[in-house]
Structure formats: structure tokens, C-alpha cells
Amino acid sequence: MEVDVNVDARALEGVTEFEAKRELDRLLSDPQFHSTDRNRNFLRFVATEMFEGRAAAVKAYTIAVDVFGRPCSFDPTTDPIVRIEATRLRASLAQYYETHDDEGSVRIELPRGRYIPVFTKAPPQAENLYEAEFVEIAEDKDTYSGWRKAVVRRRLGLAALGAVVCAFLWLISGRAPVFSEKPNVAIEMKSAGNGSDNEAGFIRDYLMTALSQYQTLKLAAEEFPDNTGGSVIRAASSFLWSNRRTSASYKVILKYHTAEDARSVWWQVVDPVTGEALRSGVEQVAVDDKRATDVRRELVVRLANRFADMNGVINGLELMRELASPALGNGCVLRSAMALRQRDATQLQQARTCLEKTLAATPDDADINAELAIVNLELATPGVPNEATARALNLAKRAVSLSPTSDRAAYAQMLAQCRNGLNEAAFVSGYRALGLNPNNSLIAARLGAMLFSHGRWAEGAGMAIKSGMIEGVLPGDAVLTLALDAYRREDFAQALLRVQQMGRSDDYVANILELAAAGQIQNAAGAREAAKRLNAQRDEFARSFRSEMAHRHYAHEIVEKLAAGLEKAGFPLPSSPPDRSY
């Protein structure tokens, strides 16, 4: 479990600061150290803070803001990026030193439960120890040479034995890659022993229904007692050499509390085998003048998103498990979801490869078909329909046929239909996806963005607002839609404020909107920053503005309003084409 702690242990164990810095520089410059740029920056940042004596101040918040570019409103309890990237970095370091044990005399580790690295002396190699002892008592060159040959023979013999063992294990395991599955989850509502027990029972039942709509986990229907008097979720059967990794199991314990002005549910996610508490928290809803059913529904929605959403607690735990030990199957879906959130092209390419391999082995997996369609669309260049978007549409159609009740499949079909110019069909698929899972704010936000871009202003803005009401926080797509709506209504200051709150410097439309809004209110500093980002994205962005917006299917009215703002910001555009809908 990743936690923020003050550094109370020695970070330099028998290593001088000079040696530690030298190893850090050597490692980060070594192309054999397979790690992303963001994790290299992560390691350099936390190490530098340690060298500068600021280790105790390093928290998930500071890393998220200073390294990963998260906004100042970052909340580590809802965005697990730091825990996830720490797991990736920890695995990269362990893998590197396992395969390069002859590099350097210092090792860097990132212990679990902290974000500050530890520098230690590398353990001496056995052969070198034997060699040093032998040289001390045998100065004779021939004797030493004979001993050295024996060492080489011994090393080759051990390597050959290891290769034979690995080959044997590979053969008897069927040479198949490992597949991971969705986690098993059991829900238990603790009784308070008072008049609220009936209401607590309703919340548990409704929560079970809401969780089943996500289809991101398997709800455990059967339990058996363990030797501590508790219970353990009965997982799917597995065999010794099966290529299916046993599904992870989690138990969610809930306690319902009533107060005069609020209703709340305390929750804890527990490993049912070890009894370890993995995560805990409280969801609370103010009563105000709400009906009891509305309060209950709001609590259920928040709990369902907390546990079953792709950004939720359980899938966050599963993602860290997958990053530490990658697998095909559900592991690909989790890594894909992370790459989509971060819009990381490298991770998206890796996720697509993983999904393609899984699809080849399990072509009838609806989740894999849907996820691969979404990733292909994200990687496809904006523009007219092409072979990539056509394949994504076929994958999404197959996902829907395989699992008609899957909101993820319907969502993928919505995206694919829109990219292939099937706008009305896309809106139907979007509303269908939202009907299958009304608690999924991502669907509402993206559907709202699509409706708005096609000129259905009120409908799109309303859907964006609805997405925020589902979870209490506006998704990025919804923030952009409401910012564009404020600009369309000529509330330029509100548009600028909203788009700046997004904190996404890589979003083309957001940068265009920020520049146009800054131009409308003569905010020179804001215009300069937005123009700098746009110039970094593409040369002569003003010249290609209209074609870029056409590729994104934005209606003529909003495009021309944005064009007016760009010109006021000092970026004249080519003549406008005839009035038409994009």
C-alpha cells in the first residue's frame, strides 16, 4: 500500500552522496534502463529533493503537481497516478538491476510505502569474492588462470541448468502467455443494530445493482469461512500450469451512519485472505430538502463509482498488480484505460499491442473488442474516415453483438460511429450506453461533447452538467463543453476560467479556446501562453485552424466565433469558407 510518510530511515546506506548522484546520472542515461520519460523525471525529482534535504516534504501531491503536471486542485484520494507510476518505477528499477547486476557498485531502490529512493551498495558477486580470496593466497599466475577457468565452467554450467529449467517450465505450461481476469468482489453491510438497518439493506441491494452495470468486476455470490472466523471469496478454479492467473479477491465492508443533516457510508476494501485493509474512506451526502430516495441514490452512485469505475479503488489496486506483473486479458484493459486518461501515445501503442494479442487468443471477448476499438480511435489521426476508423467500427459492432448489455461496448460504438460520420447513429448509441449504466459520468461527458460540437448546444451543455452531477466532479470533456458554451454565449471571462481549470496543455481545442477567449478580453499573458502551446503542437496553427476544427466535426457557428477571438489575439486567419455545417 502506497502512503505518504516522513523519511525516517537512512536513504544512503553505506553510500556517499557523490556515489549516489553518480549512479543516478548513470542509470538515467543508460538506454538499457527501460522506463518512461515521466518515470525518469519522477526518479530524478524525488532523488534531488532528498539530496537537497527536503525528503520529508515529498508527498503524492507535490509529485503529481511538480512532475506529472496535475493542477493545484489535485486530490490523491481520487487520482491514483502517483501510486501507479511509483509501482511502474519500482518494477523498472528491480528489472534493470536483476539483468544488469554487473553495472556499477551502487543500487537504487524505491521501497514500498514511500516515494524517496534508497541508495545501497551492490552485493558483491560470488565469483569476485572467491577470486579475491584466492588471489590473496595464490600469487602464482598459472594457478590463478586454472582457477579462473573453473569459475567460468561453473558459471556456464549454472546458466545451462537455469536455461534447461526455464525451458522445461515453458514447455509444460503450454508456451501460453498469462491471462488475468476481472477481480472478484464481495459486499458486506455491517449492521448498526438500530432503526437504520432497513435503509442500510436497501443501499447494499441498490449498490449491487449499480456495480453490476459497470461490468468491470465480478460480484461474488458465494463465500466460505476461513480459519479466523471470517470469510473468503470463492475464486474461479485454477490448475497448476494454467495460463489463467487466479482472479484477485476483495471484500468491501460498509457501515451506514445517519445524522440530522447528512447520511454517510464508511467503507473499507479488505484482502479477505490476509485480512489486510487496503483502502478506506467515507462517502457523505447532505440531506438538505432532498427526498430519502434521492439521498440514497446519490450515496449509491458515489459508492459505485468509487469501487467499480476504471479510476476507482479496486481497479486502481488491480492496475498496480498488473503493472508489477503484466498479463494479457483484463490487465490490457486496465493499462489501456490508464493510457487513455493520460493520453500517453507510447502507453497507448503498448496497450494496443497487448489488446491485439489478447484478441487473437480470445476473439469473443467483448471487453477486448470494445477497448481495442477505443484505443485505435484515440491513435487515429483526426480527419476523414479511414481504414483505422473502419476497423474500430467493426470491433465496436462485434463488442455490442457479443455483450448487448455492456455500456463499454455501446460507448465504443458511439465513438466509432461518430468518427465514421454516422452522427445520428452515434447519438443513439450514446444514449443507449447511458441507459445501460446511468452512473458512468464518462459516457455522459463524451456524449455531451459530441452533441455540442454538432450544434445541439442546450442538449450538449445539459449532458455535460449531468455528468458532473453523477460523480460530483466534472470530467475533462464536460469542462471543455461548458467552457465552449460560455464562449458561445459571449461570457468570455467564464470561458477562459473554465478552460484554464482543465490543466491539459495537450488538448488542441482547449488551447484554441483559451487563445480565443484571451483575445476577446485582451488578456495578453493568457494569449501568449496558449499560442506557445499551439505553436509547439503544429506550425502555422492559424492557417490550419478551420480544417482542424472540421476534422473534429465542430459546427460552423462555434468555429467562426472562435476565429473572431483568434484574430483579436493577433492571429489573422485565411478567408472563411462558405457558411456550412462541419
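Atoms considered below: every heavy atom in the structure, side chains included; atoms not considered: hydrogens, waters and symmetry mates.
With hydrogens and angles ignored, the 3.5 Å screen pairs no side-chain donor or acceptor of R419 with any backbone N or O of E378. Put simply, the side chain of Q215 gets close to the backbone of T405: a donor and an acceptor are under 3.5 Å apart. Judged by distance alone, with hydrogens and angles left aside, the side-chain atoms of D309 form a donor-acceptor pair with the main-chain N or O of N311 at under 3.5 Å. N305 places a side-chain N or O within 3.5 Å of a backbone atom of V301 that can act as its donor or acceptor partner. N369 contributes a side-chain N or O that, together with a main-chain N or O of D365, makes up a donor-acceptor pair within less than 3.5 Å. A donor-acceptor pair under 3.5 Å links the side-chain atoms of T48 to the main chain of R44, judged by distance alone. Not one N or O on the side chain of R498 forms a donor-acceptor pair closer than 3.5 Å with the backbone of V479. No donor-acceptor pair closer than 3.5 Å links the side chain of S403 to the backbone N or O of A399. Side chain of R321 to main chain of L317: no donor-acceptor pair is present (N/O by atom type, distance under 3.5 Å, no hydrogens or angles).
Remark: of the listed residues H551, R552, R546, R552 is the sole one forming a side chain to side chain donor-acceptor pair (under 3.5 Å) with E548. The side-chain contact (heavy atoms from CB on, under 4.5 Å) test with R40 singles out one residue from L89, L28, L27, and that residue is L28.
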Step by step, work out the ring-ring contact (aromatic ring centres under 6.0 Å, His included) result for F571 and F541.
CA-CA 9 Å; F571 294 91; F541 70 87; 5.1 Å; yes
Check step by step if side-chain contact (heavy atoms from CB on, under 4.5 Å) holds for L355 and T358.
CA-CA 5 Å; L355 290 165; T358 303; 5.6 Å; no
Under the side-chain contact (heavy atoms from CB on, under 4.5 Å) criterion, do F42 and T36 qualify, and how do the steps go?
CA-CA 10 Å; F42 183 172; T36 62; over 6 Å; no
Can you list the steps and then say if D407 with Q213 is a side-chain contact (heavy atoms from CB on, under 4.5 Å)?
CA-CA 8 Å; D407 65 324; Q213 292 172 327; over 6 Å; no
For E371 and R408, what are the C-alpha separation, side-chain angles and deciding distance, and is it a side-chain contact (heavy atoms from CB on, under 4.5 Å)?
CA-CA 8 Å; E371 196 68 23; R408 192 70 171 168; 3.0 Å; yes
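In the displayed structure, M469 atom CE is contacted under 6.0 Å by at most 12 heavy atoms of other residues, nucleotides or ligands. Atom CZ of R543 is surrounded by 12 or fewer heavy atoms from other residues, nucleotides or ligands within 6.0 Å. Within a 6.0 Å radius of NZ in K561, more than 12 heavy atoms belonging to other residues, nucleotides or ligands are found.
When all heavy atoms of L484 and I558 are compared, the closest pair comes out as O-CD1, 4.0 Å. Considering all non-hydrogen atoms of both residues, W457 and A555 come closest at CH2-CB, 3.9 Å. When all heavy atoms are compared, the tightest approach of P385 to T389 is CA-OG1, 3.4 Å. Here the closest non-hydrogen pair linking P272 and Y250 is CD-CA, 4.0 Å. Among all heavy-atom pairs drawn from P117 and V46, the shortest one is CD-CG2, 3.6 Å. In terms of heavy-atom proximity, F307 sits nearest to I314 at O-CB, 3.5 Å.
A donor and an acceptor atom, one from each side chain of R352 and Q349, are located under 3.5 Å apart. S180 and E322 share a donor-acceptor pair across their side chains, judged by distance under 3.5 Å alone. With no hydrogens or angles considered, a side-chain donor-acceptor pair links D30 and Y96 at under 3.5 Å.
At least one side-chain heavy atom of L534 sits under 4.5 Å from a side-chain heavy atom of Y508. At a threshold of 4.5 Å between non-hydrogen side-chain atoms, the residues F33 and L93 count as touching. Side-chain contact between V265 and R306: absent, with no pair of heavy atoms (C-beta onward) separated by less than 4.5 Å. Contact check for P183 versus N330: side-chain heavy atoms found under the 4.5 Å cut-off. Residues C418 and H454 have side chains in contact (heavy-atom distance under 4.5 Å, counting atoms from C-beta outward). The side-chain heavy atoms of V252 and V185, taken from C-beta on, include a pair separated by under 4.5 Å. Residues L436 and S406 fail the side-chain proximity criterion, which asks for heavy atoms closer than 4.5 Å. Between T87 and R83 there is no side-chain heavy-atom pair separated by less than 4.5 Å.
One finds a salt bridge joining E356 and R391 here, because a Lys/Arg side-chain nitrogen approaches an Asp/Glu carboxylate oxygen to under 4.0 Å. Taking 4.0 Å as the cut-off between side-chain N and carboxylate O, E49 and K59 do not count as a salt-bridged pair.
Between atom CG of residue L562 and atom CE of residue M549 there is a gap of 5.5 Å, rounded to the nearest 0.5 Å. Atom CG of N394 is separated from atom CG of N376 by 11.0 Å, given to the nearest 0.5 angstrom. If you take CD on E514 and CD1 on I512, they are separated by 11.0 Å, rounding to the nearest 0.5 Å.
R297 pairs by the side chain to side chain donor-acceptor pair (under 3.5 Å) definition with nothing, not counting sequence neighbours.
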